[in-house]
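Only this structure's heavy atoms are used, side chains among them; waters, hydrogens and symmetry mates stay out. Lettering follows sequence order; numbering is per chain, from 1.
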Number of protein chains: 2
Amino acid sequence: MQDGTFDAPSYLKGTRPAPDVLRGDVFARDCPTRQLLDRVGDKWSVLILRLLGEAPMRFSLLKRRIAGISQKMLSQTLRSLERDGLLTRHAEATVPITVTYSITPLGHELLAALRAMIDWAETRMPAVAQAQQIYDART
Amino acid sequence: MQDGTFDAPSYLKGTRPAPDVLRGDVFARDCPTRQLLDRVGDKWSVLILRLLGEAPMRFSLLKRRIAGISQKMLSQTLRSLERDGLLTRHAEATVPITVTYSITPLGHELLAALRAMIDWAETRMPAVAQAQQIYDART
DNA sequence: CAGCATCCATGACGATACTG
DNA sequence: CAGTATCGTCATGGATGCTG
């Protein structure tokens, strides 16, 4: 039993306290925060979530409200968010077809969790911009 | 006056309420949230901020605690965060040189604003993973 | 120890054209 | 209307080698 049944390091089996130094591997790779940022840290996800947080919306309306997004990226990002369970797609078999996207409870939860970050960005990004100017002005 | 003095659309001049539809341009480009995510949505920034939120730390310790990061990315990300005013660099002229990084009040603020997101990720990413499996299993 | 310089692979993203 | 398919570009980030 001293060696354990598999090859996991001892601090992963709880026989030693995670040593703070060198638990990096787990921290960096499994870190749920990174996984989340991998998905919503892209160019459009949060923007789309915020819009759908206001109200369900059709593809074309999203396209018009998010100036600068391409059909490809909108479509791709929507599919990704749907896959993640953050929004749902509802297609009506009209001619032409009508597709509406809505945020899910899980998506709403995430949006709520992002609220503080969004607020911070809106009030404090000027301070960041100022810090940059000072940094860039240094000889 | 009916046509206005420049070629800006009327809702930008306040002669009509921003119509919800079509205010996309401003929303998408100036959005502080996007600016923030452009800076901390990368692979390592939040991780570094979290570590420095615990305690000031030297380059080599950061390198060891974040398994998988290259010197290049660590150095590059640290410089970017320093430029943004989120952390400070202190170099001591020992031989060899000793460099310590600390989080700033602004960085601490941001970290606090990210707390809800981090917590959400830690508790709810399993739900996201499950949603993905269901999505991928659909024929 | 704490970097910088360089090269290279990958993938994110945009533009364009086409479709049920 | 709501997409898919294809192509090209550019930025991100890893690997390697060198330095004060």
Side-chain angles (χ1 to χ4, degrees), chain A residues 21 24-25 28-29 31 34-48 51-52 56-84 87-102 135 138, chain B residues 21-22 24-25 28-29 31 34-48 51-52 56-84 87-102 135:
Chain A
V21 181
D25 230 300
R29 287 212 282 254
C31 178
R34 270 264 79 263
Q35 294 176 22
L36 175 62
L37 285 175
D38 276 343
R39 306 186 169 280
V40 302
D42 65 6
K43 200 166 178 182
W44 307 109
S45 288
V46 173
L47 208 47
I48 292 174
L51 284 174
L52 292 181
M57 222 167 284
R58 290 176 49 186
F59 187 91
S60 53
L61 181 53
L62 282 167
K63 177 89 173 60
R64 260 173 292 138
R65 288 200 60 179
I66 308 176
I69 197 171
S70 59
Q71 313 90 315
K72 178 191 162 185
M73 286 318 295
L74 180 54
S75 162
Q76 187 174 303
T77 307
L78 285 169
R79 208 178 323 120
S80 165
L81 292 173
E82 186 195 1
R83 177 168 182 264
D84 291 345
L87 56 83
T88 56
R89 194 188 104 116
H90 177 72
E92 256 183 301
T94 55
V95 178
I97 189 173
T98 303
V99 181
T100 304
Y101 292 90
S102 314
Y135 183 93
R138 117 240 97 128
Chain B
V21 182
L22 272 190
D25 229 300
R29 287 214 281 255
C31 177
R34 270 264 79 261
Q35 293 175 23
L36 175 61
L37 285 175
D38 275 344
R39 305 184 171 283
V40 302
D42 65 5
K43 201 166 177 181
W44 307 107
S45 287
V46 173
L47 208 48
I48 291 173
L51 284 173
L52 293 181
M57 222 167 280
R58 291 176 49 188
F59 187 91
S60 54
L61 182 52
L62 281 167
K63 177 90 175 60
R64 259 173 292 136
R65 287 200 60 180
I66 308 176
I69 197 171
S70 60
Q71 312 92 317
K72 177 193 164 186
M73 286 318 297
L74 180 54
S75 163
Q76 184 174 302
T77 307
L78 285 169
R79 209 178 322 119
S80 165
L81 292 172
E82 186 196 3
R83 177 168 181 265
D84 291 344
L87 56 81
T88 56
R89 194 188 104 115
H90 177 72
E92 255 182 302
T94 55
V95 179
I97 191 174
T98 303
V99 181
T100 305
Y101 291 89
S102 315
Y135 183 94

Quiz item: How close or far is atom P of C/dG3 from atom CD of B/E92, stated in whole angstroms?
Solution: 13 Å

Exercise. Hey, which sits more toward the 5' end of DNA chain C by its nearest nucleotide, A/P96 or A/G41?
Key: A/G41

Quiz item: Do the side chains of B/L78 and B/F59 get nearer than 4.5 Å, heavy atoms only?
Solution: yes

Quiz item: From C/dC13, D/dG14, C/dA2, pick the nucleotide closest to the side chain of B/I97?
Solution: C/dA2

Exercise. Could you tell me whether the side chain of A/R83 reaches within less than 4.5 Å of the side chain of A/R39, counting heavy atoms only?
Key: yes

Exercise. Run through B/T77, B/V46, B/L47 and flag the one making a side chain to side chain contact (heavy atoms under 4.5 Å, CB included) with B/V40.
Key: B/V46

Practice problem: Figure out the CG/C1' separation between B/L61 and C/dA2, and round it to whole Å. | Solution: 14 Å

Exercise. State which of D/dG3, C/dA2, D/dA5 makes the closest approach to the side chain of A/V99.
Key: D/dG3

Quiz prompt | Any B/Y101 side-chain nitrogen or oxygen under 4.0 Å from OP1 or OP2 of C/dC1 | solution = no

Practice problem: Could you state the atom-to-atom distance from CZ of B/R89 to P of C/dG3 in whole Å? | Solution: 5 Å

Quiz item: Is the shortest heavy-atom distance from the side chain of A/L37 to the side chain of A/R34 under 4.5 Å?
Solution: yes

Quiz item: If only side-chain N and O atoms of A/R79 are considered, is one of them under 4.0 Å from the OP1 or OP2 phosphate oxygen of D/dG3?
Solution: no

Quiz item: Considering only heavy atoms from C-beta outward, does the side chain of A/L61 approach that of A/L51 to under 4.5 Å?
Solution: no

Quiz item: Start at the 5' end of DNA chain C and walk down; is the nucleotide closest to A/Q71 or to A/D42 reached first?
Solution: A/D42

Quiz item: Any side-chain N or O of B/R58 less than 4.0 Å from the OP1 or OP2 oxygen of C/dC1?
Solution: no

Quiz item: Once you round it to whole Å, what is the distance between C1' of C/dA5 and CE of B/M73?
Solution: 15 Å

Quiz item: Would you say the side chain of B/K43 and the base of D/dG13 hold a donor-acceptor pair, judged only by whether the two atoms sit under 3.5 Å apart?
Solution: no

Quiz item: To the nearest Å, how far apart are B/M57 CE and C/dC1 C1'?
Solution: 17 Å

Quiz prompt | OP1 or OP2 of D/dA2 under 4.0 Å from side-chain N/O of A/S60 | solution = yes

Quiz item: Taking NZ from A/K72 and P from D/dC1, how many angstroms apart are they, rounded to a whole number?
Solution: 22 Å

Self-check item: Phosphate contact (D/dA2 OP1 or OP2) by A/S75 side-chain N/O below 4.0 Å
Solution: no

Practice problem: Take atom CG of B/L74 and atom C1' of D/dA15, then tell me their distance rounded to the nearest Å. | Solution: 16 Å

Quiz prompt | Between C/dG3 (P) and B/K63 (NZ): distance, integer Å | solution = 13 Å

